[in-house]
Every structure is written in structure tokens, then in C-alpha cells.
Amino acid sequence: MAKKYTLKRINETALQKPALTEARFSINYQHELNPTQFEAASRIEGNYLVIAGAGTGKTRTLVYRVARLIESGYDPSSILLLTFTRKAAKEMMNRAAILLDHRCSKINGGTFHSFANLTLRKYSKAIGLDSGFTILDQGDSEDVINLIRAQLKLSELKKRFPNKQTLLRVISLSSNTGIPILELLEKDYPHFVQYIDKISDVQRIYNEYKVKNNLLDYDDLLIYLENFLTLNNGAARALLSNIHFIMVDEYQDTNKLQSDIVKALAQINNNVMVVGDDSQSIYSFRGANFKNIMEFPSLFKNVTLIKLEENYRSTQPILDFTNKIIENSVEKYPKNLYTRRTNGDLPGIVAAKNENMQSRFIVERVLELREEGVPLNDIAVLFRSSYFSFDLEVELKKANIPFIKFGGMKFVETAHVKDVLAFLRISDNPRDFVSWYRVLMLHEGIGPKKAQMIMAALDSLDFNSYESTEALIPGSYHEKVNPLVSLLFNIRKKQYHPADKIELILEYYNPLFYNKYDDFNKRKKDLEILSNIAANYTDTETFLSDMAIEPPQDSVIDVDAEEKEKEFLTLSTIHSAKGLEWHSVFIMHALEGFFPSSQSFDSLESIEEERRLMYVASTRAKQNLYVCYPTSIFDRQVGFTLAKPSRFIAGMDENIAEEWIIEDEF
């Protein structure tokens with residue numbers, strides 16, 4: 001008689017699923033988390049939508065879920081955590097590792113773009129890509145489009161043709177949202193609809209250029225990833241089989257393409273947990289789709305909804321104010337934020353006689369708060385648009401209050417850093433003619449036409465057996481170009497580390513650098529920082545990918561006062577302030593036509609996003625909240641006119657907000 005053998009179902013890590021009792025865990029999850037956080041952290045298989053109100057501990061919940069999954073016996077590499085910044089992913093992985101052990105740092109964590117980059121390089125053959133592709137950042141993409149724009153002589157048209165920034169914005173939005181270019185033009189740029197055929201030509205040539213020269217832009221990373229995940233070939237199935245759990249942070253900020261990627265990732269193991277707050281969806285201008293979070297329950301099977309409503313940031317009076325703002329939303333997941341911090345002052349709705357008096361009130365109150373023991377670093381002034389703060393900045397300088405304004409030049413967007421990276425990118429991909437153009441234009445006597453002529457000649461150069469450019473480039477231009485080409489092919493041919501390559505590049509670049517920038521002493525620090533960062537890498541490809549996808553944020557040319565002052569007031573647009581918090585927060589220019597913006601009046605969706613923007617701003621405050629507006633504003637055509645408070649704060653009950661009227665001089 002044959003011996004019977006019963007097959008048992010096991011998970012992808014080849015571990016039989018253990019019976020889960022709390023006693024088997026080293027962490028007391030129920031004690032460490034509140035009931036709804038515990039509910040989210042302890043769920044294993046299935047699809048979950050976690051609506052996490054502002055300040056309700058969503059990061060903590062995700063961290064504990066990662067630790068619990070690993071304690072439950074799942075392979076860390078089977079867990080994929082997608083975030084919108086690498087910093088967020090690293091923070092969660094580090095916190096989970098501290099909470100449990102080093103296994104938590106082995107999960108697949110990163111941004112959509114970094115995950116796409118790694119996946120495409122690993123499975124490049126299955127997609128028909130060369131794994132050595134170069135990633136174009138936004139500035140590079142704009143430069144390519146500008147070259148195409150010039151080649152098609154579009155600047156010579158009788159009527160204005162869109163600039164490179166607008167062209168890239170429209171092409172990129174179309175890729176991320178799935179909305180045709182014509183429809184985007186009709187909505188946002190109706191004056192350019194007449195050029196739809198020419199804009200489509202730019203898009204087509206741009207895409208052909210990238211394919212020919214082995215270049216991918218930010219959008220391509222996601223497009224190629226989604227195409228790969230839906231191929232249904234052996235390589236795609238192998239990847240998808242190994243991803244058992246998918247977690248997505250800040251899901252309300254995803255665009256259509258990212259939502260499609262999440263769906264594609266869940267094809268085999270249908271276990272998705274997305275965490276976000278519909279009331280904090282404020283990035284439609286980047287292509288984020290509010291509908292993604294609202295329609296999640298219909299896009300995935302058997303979705304369980306979990307709400308996190310206990311707030312750990314703000315006092316109850318501030319939460320009552322923010323609950324009232326969002327209460328009137330047309331489409332939302334109803335929630336009511338509450339806290340155990342029941343004490344605290346009512347938020348102030350502050351009416352000032354004019355814009356300057358609004359600024360002077362803020363300055364005066366900031367000084368008072370500092371005397372009360374609140375450091376400047378824990379105070380912020382938030383605004384709908386950057387120019388709202390110009391008058392305030394003048395008053396702050398008069399009062400000697402140091403401040404930092406969010407939204408300065410990013411490190412890799414500075415011209416001198418882009419120069420050095422262009423040299424490096426050519427050494428990695430000699431067909432990167434955007435970088436060739438930038439480098440050639442650094443040389444005195446080489447203008448746009450000569451640069452294009454030299455690039456055309458270099459196009460026929462054998463990049464693997466270079467000897468001299470003399471036969472290709474005549475006369476004095478050969479004398480300029482040959483040392484450059486010699487340098488680039490020398491560092492390409494030899495297996496130098498990225499930092500060594502940069503050292504050789506700087507020897508060549510420094511004379512050009514000193515000649516081009518009057519403030520080279522200040523800029524030089526950035527180049528030292530670039531060299532230091534490069535020292536942490538062993539290969540150029542990875543270094544350049546990281547610089548394109550998740551670069552350092554700040555350039556030293558933006559922070560003159562940083563070494564002189566240790567304490568700063570924060571000035572920030574609300575979009576830049578999301579995810580941050582301060583003891584005391586001022587929201588300025590909260591009046592109709594400014595906040596909400598008059599541009600939003602034609603669309604219910606736009607007005608609703610403005611409401612969510614006010615909610616995000618208000619929920620940044622921990623202890624004090626002041627919402628300010630001038631009662632009269634200056635218009636160049638009619639002089640001073642009366643202003644109405646924002647519809648989001650008008651008519652607030654006196655039990656929810658206290659009205660302040662600022663009239664007297666102080």
C-alpha cells in the first residue's frame with residue numbers, strides 16, 4: 001500500500017504560517033499602539049485602506065506592521081514599502097530595525113522612482129532596455145526639449161510658442177495622468193491649442209531622442225515599470241511572486257500611473273495596504289489624483305477600511321477648528337480628530353486693517369512668543385503662494401528676526417553642480433548629447449550653433465576606440481575640444497571610482513568655473529560636498545541615478561546666514577510644509593480670491609483642494625494657531641478695496657475660534 005503524503009499550503013518564504021497569538025511576539029503591540037493602530041498593524045493578508053488623519057501616527061503604525069510581519073515569519077525581502085521620499089522610507093526602516101532587529105532594514109523600501117530604477121536595471125533584457133541607461137532630471141529634460149524647439153525653429157513663429165518648462169509640464173502631466181495633451185491644453189493653456197500638432201511633434205521627437213540615446217526621464221521610469229509588470233512573462237511573474245506584501249505611504253498623493261503600478265504589483269499576491277488622508281490631497285498640480293484614494297475600495301477586492309482619528313500633535317481646540325474646516329467637504333471619508341490634550345487656547349482669526357498691519361502683527365506676536373519661551377525654530381508662517389510673504393519679509397528684517405523661506409534652489413539644480421555632473425554623465429553614457437551641449441557651452445568662443453556643429457561631428461566618433469578629434473573637428477575648435485574628449489574618454493576607459501572621476505573633472509573644470517561665476521568662492525563649497533557624496537559610491541551609474549532620483553535638497557548658495565544664526569523663523573508655502581509641525585503657526589492672507597485662489601472659482605474640484613490646503617495648514621499647529629487676513633487690499637487700478645475673509649474661516653462659531661481685530665498702531 002502506497003504511503004500517503006499530504007501537501008500543505010505554505011507562504012512564499014517556505015515557512016508554514018504560524019498560529020498568531022500575542023504571546024509569541026517579543027513586542028507588546030497592543031500596549032504600544034492604540035486600538036485602531038493595532039488593528040492596522042496586526043492585519044496580514046488582504047487589502048486595507050488606512051485613513052490616517054493628520055498627526056494620528058501613521059508612520060508609527062506602518063513601522064509596527066513591518067516589525068510584526070517579520071516577527072510572524074515572513075521574509076523581509078517579500079515586503080515592499082513605497083513612499084514619496086527616500087528619507088521617509090529610510091526613517092521607517094531604521095525605526096523598525098530599532099524596534100525589532102536588523103531584519104527590518106532588509107525590506108524593499110524606497111520611492112516609486114527608485115524602485116522602478118532598480119527593477120528596470122535588473123530586468124532590462126525582458127523590457128528591451130540597455131541596463132546602462134542615463135536618467136534625465138527635470139532640468140535636463142527641459143534642455144532636450146529646448147534643443148528640439150530650436151531645431152524645429154518654433155521660436156520664429158509669429159505668435160508665442162510655449163517655452164521649454166511649459167512643454168515639459170504638459171508632456172509629463174499627460175504621461176502621469178493619462179489625459180491627452182489636447183485636453184490639458186484646453187483646460188490650462190487654451191491660447192496654445194492652435195499649436196497642438198507642433199507640440200505633438202515635440203513630444204514624438206523627444207521620445208525618439210531618448211530611445212536613440214539610451215535616456216530615461218522621471219516619467220519613463222514609471223511607464224517602463226508598469227509596462228514590465230503587465231508583460232505577464234517569466235521575469236515579471238518571478239518579481240511579482242516574490243512581493244508578498246505591498247504598503248504605500250501617502251496614497252492620496254499618487255497619480256494615475258502610480259495607482260496603476262500598485263494594481264499591477266498586486267496581480268499575484270493580492271495583499272495591499274495603502275495609508276493616507278483624503279483631507280490632505282493637495283498636489284493635483286503635480287498630477288496627483290484625489291480619486292485614487294476615494295475609489296480604492298472599488299479598484300481592489302474586499303477592502304477593509306480602518307480610520308486613525310486619535311491625534312498626538314494638536315490641542316483639542318485646534319482639532320475642533322480643523323474638523324470644522326473639513327466638515328463641509330463635498331467628497332470625503334468622514335472622520336473626527338480628537339486628542340487627550342483637551343487644554344489650550346482657541347485658534348485666533350485675526351483681522352488686520354491692511355497687509356502691512358498683518359505683517360506687523362505677526363512680527364509682534366512672534367517676538368512675544370519667543371519671550372514666552374517658544375524658540376523661533378518652533379514657529380512658522382504659512383501662506384498659499386510664495387509672494388504673499390514679501391511684505392512680511394521686510395518687517396522681519398526690520399525687527400532683526402532671522403528666517404528661512406522654504407523653496408530655495410535644490411542642490412543639483414545649481415548651475416555649477418549640473419556642470420560637473422554633465423562631465424560625469426558623458427563618461428558614463430557618451431551619447432548623452434544634452435550633457436555634451438552643456439559642457440561645450442562652458443568654453444569661451446563656443447555658442448549654440450558651434451556646439452551643435454561639434455555635437456554632430458562627435459556623433460560619428462567611435463566611442464570605443466577614440467584617438468583624436470582632428471579629422472572630425474577642424475581648426476581652433478579641435479584645440480578646444482580634443483583635451484575635453486581626451487579627459488572624458490580617459491575616465492570612461494579606466495575603472496575610476498566616482499570621487500576620483502570628479503577630482504579629474506574638477507582639474508579641467510576649475511578654470512572654466514572661476515571664469516563663469518563671480519561668486520565662485522561660495523559655490524565652491526557645493527563642489528566639495530558633491531565630491532564627499534561621491535566618495536560613498538563605488539560605481540558611477542548608481543551615483544548618477546541617486547543624484548537624479550533623490551538628490552540632496554539644499555545648496556550652500558541659499559543659506560548665507562546659517563553659520564551666523566542658530567535659530568530661525570520658518571516661512572513656507574503650505575505645499576512645502578506638509579508633513580511638518582510647529583508649536584505656533586500663523587496662516588496669512590486667508591481672504592477670498594487669495595485663499596482660496598480666484599483661479600479655483602471655476603471648478604468645484606479646485607475649491608475642494610483649496611479647502612484641503614487650509615486643513616493641512618491648520619493641522620501643522622501643536623499649541624497656537626493664528627489665521628490672519630487684511631480687511632483691505634491694494635489694487636493698482638482701483639486703489640484700496642475691502643476684502644472678505646476666506647470662506648473656509650468665515651462665520652466660525654465663537655466656541656471654535658476667537659476673533660481678533662488689529663487696528664491700532666503698535
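At least one side-chain heavy atom of Arg384 sits under 4.5 Å from a side-chain heavy atom of His575. The closest side-chain heavy-atom distance from Asp419 to Arg438 is below 4.5 Å. Considering only heavy atoms from C-beta on, Lys307 comes within 4.5 Å of Pro334 through its side chain. Counting only heavy atoms from C-beta outward, the side chains of Lys578 and Asp253 approach each other to under 4.5 Å. The shortest distance between side-chain heavy atoms of Ile362 and Val350 does not fall below 4.5 Å. Considering only heavy atoms from C-beta on, Tyr195 stays 4.5 Å or farther from Arg160 through its side chain. Side-chain contact between Lys398 and Val363 is absent, with no heavy-atom pair separated by less than 4.5 Å. Residues Phe390 and Glu393 meet the side-chain proximity criterion, which asks for heavy atoms closer than 4.5 Å.
For Thr619 (side chain) and Val616 (main-chain N/O), a donor-acceptor pair under 3.5 Å exists by modelled atom type. Here the side chain of Tyr333 pairs a donor or acceptor atom with the backbone of Ile293 at under 3.5 angstrom. Checking side-chain atoms of Glu592 against main-chain N and O of Arg647 turns up a donor-acceptor pair under 3.5 Å. When atom types are taken as modelled, the side chain of Gln358 and the backbone of His589 share a donor-acceptor pair closer than 3.5 angstrom. Judged by distance alone, with hydrogens and angles left aside, the side-chain atoms of Ser281 form no donor-acceptor pair with the main-chain N or O of Asp278 at under 3.5 Å. Listed for the Lys58 side chain is no donor-acceptor partner under 3.5 Å among the backbone atoms of Val50. With hydrogens and angles disregarded, a donor-acceptor distance shorter than 3.5 Å links the side chain of Thr254 to the backbone of Tyr251. Proximity of a side-chain donor or acceptor of Tyr189 to a complementary backbone N or O of Leu184 within less than 3.5 Å is not detected. The backbone N or O of Ser284 sits less than 3.5 Å from a side-chain atom of Glu609, completing a donor-acceptor pair. For Arg611 (side chain) and Ile607 (main-chain N/O), no donor-acceptor pair under 3.5 Å exists by modelled atom type.
The number of heavy atoms from other shown groups lying within 6.0 Å of CD (Glu659) does not exceed 12. A 6.0 Å sphere centred on NZ of Lys324 holds no more than 12 heavy atoms belonging to other residues, nucleotides or ligands. More than 12 heavy-atom neighbours from other residues, nucleotides or ligands sit within 6.0 angstrom of CD on Glu368.
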What side-chain donor-acceptor pairs closer than 3.5 Å can you find for residues 370-382, not counting sequence neighbours?
residue, atom, partner, partner atom, Å
Arg370, NE, Glu567, OE2, 3.2
Arg370, NH2, Glu567, OE1, 3.2
Glu372, OE2, Arg365, NH1, 3.4
Asn377, OD1, Phe568, N, 2.7
Asp378, OD1, His583, N, 2.9

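Taking all atoms of both residues into account, the shortest heavy-atom contact from Leu527 to His416 is CD2-O, 3.9 Å. Looking at every heavy atom in both residues, Ser359 comes nearest to Asp391 through OG-OD2, 2.6 Å. For the residue pair Asn343 and Pro317, the shortest heavy atom distance occurs at O-CD, 4.0 Å. Residues Ala351 and Thr631 come closest through the heavy atom pair CB-CG2, 3.9 Å. Looking at every heavy atom in both residues, Gly53 comes nearest to Tyr615 through CA-OH, 4.4 Å. The two atoms that bring Met652 and Ala657 nearest to each other are CB-CB, 4.2 Å, heavy atoms only.
Between atom CD of residue Gln280 and atom CD1 of residue Ile51 there is a gap of 10.5 Å, rounded to the nearest 0.5 Å. Expressed to the nearest 0.5 Å, how far CZ of Phe595 lies from CG of Leu613 amounts to 4.5 Å. The distance from the OG1 atom of Thr61 to the CG atom of Leu308 is 5.0 Å, given to the nearest 0.5 Å. Taking CD1 from Ile306 and CD from Gln37, the interatomic distance works out to 11.5 Å, rounded to the nearest 0.5 Å. Taken from CG in Leu168 to CG in Asn146, the straight-line distance is 11.0 Å, to the nearest 0.5 Å. Taken to the nearest 0.5 Å, the CG atom of Leu257 stands 5.0 Å off from the CG atom of Leu222.
The cationic group of Arg612 lies under 6.0 Å from the six-membered ring centre of Phe290 and within 45° of the ring axis, placing it in a cation-pi geometry.
Using a cutoff of 4.0 Å between basic side-chain nitrogens and carboxylate oxygens, Lys418 and Asp140 are scored as salt-bridged. Note on Asp277 versus Lys335: salt bridge recorded, some NZ/NE/NH1/NH2 to OD/OE distance being below 4.0 Å. In summary, Arg95 and Glu91 engage in a salt bridge, as defined by a charged side-chain N under 4.0 Å from a carboxylate O. Ionic pairing of Lys332 and Glu327 is not present here: no N-O contact between side-chain nitrogen and carboxylate oxygen is shorter than 4.0 angstrom.
Under 3.5 Å, the side chains of Thr166 and Asn163 contain a donor-acceptor pair of N or O atoms. Checked by atom type, the side-chain pair Ser576/Thr573 shows a donor-acceptor distance below 3.5 Å. Using modelled atom types, one finds a donor on one side chain and an acceptor on the other under 3.5 Å when comparing Gln316 with Asp320. No side-chain donor from either of Ser600 and Glu610 sits under 3.5 Å from a side-chain acceptor of the other. Between the side chains of Asn356 and Asn354, not a single donor N or O lies within less than 3.5 Å of an accepting N or O.
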**Report entry** Worked verdict on Thr570 versus Ile404 for side chain to side chain contact (heavy atoms under 4.5 Å, CB included)
**Finding:** CA-CA 5 Å; Thr570 296; Ile404 285 184; 5.8 Å; no
Query raised in the report: After noting the C-alpha distance and the side-chain angles of Phe84 and Phe112, does the key distance pass the side chain to side chain contact (heavy atoms under 4.5 Å, CB included) rule?
Result: CA-CA 7 Å; Phe84 276 84; Phe112 279 89; 4.3 Å; yes
Requested in this report: Tell me, with the steps shown, if Phe403 and Leu392 meet side chain to side chain contact (heavy atoms under 4.5 Å, CB included).
Outcome: CA-CA 11 Å; Phe403 62 88; Leu392 174 63; over 6 Å; no
Report task. For side-chain hydrogen bond (donor to acceptor under 3.5 Å, both in side chains), just list the numbers for Lys405 and Ser386, CA-CA rounded to whole Å, side-chain angles, deciding distance to a tenth of an Å, and then say yes or no. Result -> CA-CA 9 Å; Lys405 188 171 180 178; Ser386 185; 3.1 Å; yes
Query - Leu625/Ile587 under side chain to side chain contact (heavy atoms under 4.5 Å, CB included): CA gap, chis, key distance, verdict - result: CA-CA 8 Å; Leu625 175 63; Ile587 302 170; 4.0 Å; yes
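Residues in residues 286-295 take part in these salt bridge (charged side-chain N to carboxylate O under 4.0 Å, His left out) pairs, two or more places apart or across chains: Lys291-Glu331.
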